[in-house]
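All remarks here apply to the structure that follows.
Quick note: numbers below take in every heavy atom, side chains included, and nothing from hydrogens, waters or symmetry partners. The shown structure was predicted, so the numbers you read here are calculated from the model rather than taken from an experiment.
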Amino acid sequence: MYPVLRSLALQLHSAVTGSYVSGTHSIAFINCLNEQIAKDIARAIMDKKLAAYVNILPKSSALYFWKGELEESTEILLLVKTRTSKIDELSNYVRSIHPFEIPEIISLPIDQGNPLYLKWIEESVPRD
């Protein structure tokens with residue numbers, strides 16, 4: 001119930017003041033094994049209208065512990081811009097299609113930004 005009330009309060013505040021409410025939108029980070037998987041997941045996210053925009057960043061090196069062993073790999077990172085209210089749905093959907101046993105899906109709220117860009121995100125991602 002709390003997320004629904006928060007969402008309504010944010011919508012009301014934004015409508016009354018015409019200003020952006022910090023945290024209304026988020027950026028999710030999703031790691032992928034290779035570029036093809038990254039493109040497939042990005043396309044699937046966009047087809048479901050779970051995001052306004054997905055960046056596919058080039059290969060990066062990663063070090064991490066997996067099952068007690070230090071691993072090293074290269075990964076592709078997706079930066080997903082969406083409504084904060086869509087993060088749970090996005091996370092559940094990505095986990096259902098991602099080949100990793102435990103994919104990295106983390107998000108951070110957007111505090112501030114270009115008001116026109118933030119409005120565009122709002123218009124591009126359907127409400128719950």
Side-chain angles (χ1 to χ4, degrees):
M1 182 80 166
Y2 174 74
V4 172
L5 291 176
R6 183 179 188 280
S7 177
L8 290 173
L10 291 175
Q11 290 172 34
L12 180 61
H13 178 271
S14 182
V16 170
T17 65
S19 63
Y20 177 72
V21 177
S22 178
T24 302
H25 301 97
S26 290
I27 297 177
F29 301 83
I30 302 169
N31 66 338
C32 299
L33 181 63
N34 59 47
E35 190 172 350
Q36 187 58 57
I37 290 170
K39 286 180 180 179
D40 290 347
I41 291 174
R43 169 84 48 196
I45 289 168
M46 297 304 289
D47 286 346
K48 286 230 174 235
K49 298 191 183 307
L50 293 173
Y53 195 96
V54 179
N55 291 94
I56 302 173
L57 301 184
K59 287 183 181 179
S60 63
S61 296
L63 294 170
Y64 54 94
F65 286 104
W66 182 248
K67 298 185 178 177
E69 299 293 324
L70 181 61
E71 301 286 338
E72 185 172 350
S73 67
T74 57
E75 297 176 344
I76 306 295
L77 182 65
L78 301 179
L79 298 181
V80 181
K81 286 79 164 203
T82 190
R83 293 174 182 266
T84 300
S85 64
K86 290 289 189 180
I87 291 296
D88 285 342
E89 185 180 353
L90 172 71
S91 180
N92 289 335
Y93 180 64
V94 170
R95 284 195 316 269
S96 77
I97 64 171
H98 203 291
F100 285 179
E101 184 179 338
I102 304 174
E104 172 188 324
I105 307 166
I106 57 175
S107 68
L108 298 170
I110 297 173
D111 183 45
Q112 294 294 320
N114 176 352
L116 295 176
Y117 185 79
L118 298 172
K119 184 175 184 203
W120 172 75
I121 293 174
E122 186 81 18
E123 294 167 351
S124 298
V125 181
R127 292 192 190 281
D128 298 324

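- Met46 has its side chain within reach of Val54: a pair of non-hydrogen atoms, C-beta onward, lies under 4.5 Å apart.
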Next on the checklist: Let's go through Thr84 and Ser26 carefully: what are the C-alpha distance in whole Å and the side-chain angles of both, what is the deciding distance for side-chain hydrogen bond (donor to acceptor under 3.5 Å, both in side chains) to 0.1 Å, and is it a yes or a no?
Outcome noted: CA-CA 5 Å; Thr84 300; Ser26 290; 2.7 Å; yes
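- In this structure, Glu35 and Lys39 have side chains that are in contact, with non-hydrogen atoms separated by less than 4.5 Å.
- Ring geometry, His25 versus Tyr20: the interplanar angle falls under 30°, so the pair is classed parallel (tilted spans 30 to 60°).
- In this structure, the side chain of His98 engages the main chain of Asn31 through a donor-acceptor pair within 3.5 Å.
- Closest non-hydrogen pair, Tyr93 versus Ile45, comes out as CE2-N, 4.3 Å.
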Item to check | Lys86 vs Glu89, salt bridge (Lys or Arg N to Asp or Glu O under 4.0 Å): CA-CA, chis, key distance, verdict | outcome: CA-CA 5 Å; Lys86 290 289 189 180; Glu89 185 180 353; 3.5 Å; yes
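- Applying the side chain to side chain contact (heavy atoms under 4.5 Å, CB included) test between Phe29 and each of Leu108, Ile105, Val80 identifies Leu108 as the sole match.
- Ile87 and Ile106 fall into different hydrophobic clusters, where Ile, Leu, Val, Met, Phe, Trp and Tyr residues are linked whenever their side-chain heavy atoms come under 4.5 Å apart, directly or through other members.
- Taking 4.5 Å as the limit, every side-chain heavy atom of Leu50 sits out of range of all side-chain heavy atoms of Val125.
- Ile41 has its side chain within reach of Cys32: a pair of non-hydrogen atoms, C-beta onward, lies under 4.5 Å apart.
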Item to check | Steps toward side-chain contact (heavy atoms from CB on, under 4.5 Å) verdict (Asn114, Trp120) | outcome: CA-CA 10 Å; Asn114 176 352; Trp120 172 75; over 6 Å; no
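- For the pair Tyr53/Leu79, no side-chain contact is recorded, criterion being any heavy-atom separation below 4.5 Å from C-beta on.
- Side-chain contact between Ile121 and Thr82 is absent, with no heavy atoms from C-beta onward closer than 4.5 Å.
- Side-chain atoms of Ser61 never come within 3.5 Å of backbone atoms of Thr74 as a donor-acceptor pair (strictly under, hydrogens ignored).
- More than 12 non-hydrogen atoms from other residues, nucleotides or ligands lie less than 6.0 angstrom from CZ of Phe100.
- Between the OH atom in Tyr117 and the CD atom in Glu122 there is a gap of 13.0 Å [rounded to 0.5 Å].
- The shortest heavy-atom contact between Arg83 and Pro126 is NE-O, 3.6 Å.
- In terms of modelled atom types and a separation under 3.5 Å, the side chain of Thr24 and the main chain of Val21 share a donor-acceptor contact.
- For the atom pair Ser107 OG and Leu90 CG, the distance stands at 8.5 Å (nearest 0.5 Å).
- In this structure the side chain of Ser85 never reaches within 4.5 angstrom of the side chain of Arg127, judged on heavy atoms.
- Between Ile76 and Ile37, the closest side-chain pair of non-hydrogen atoms is not below 4.5 Å.
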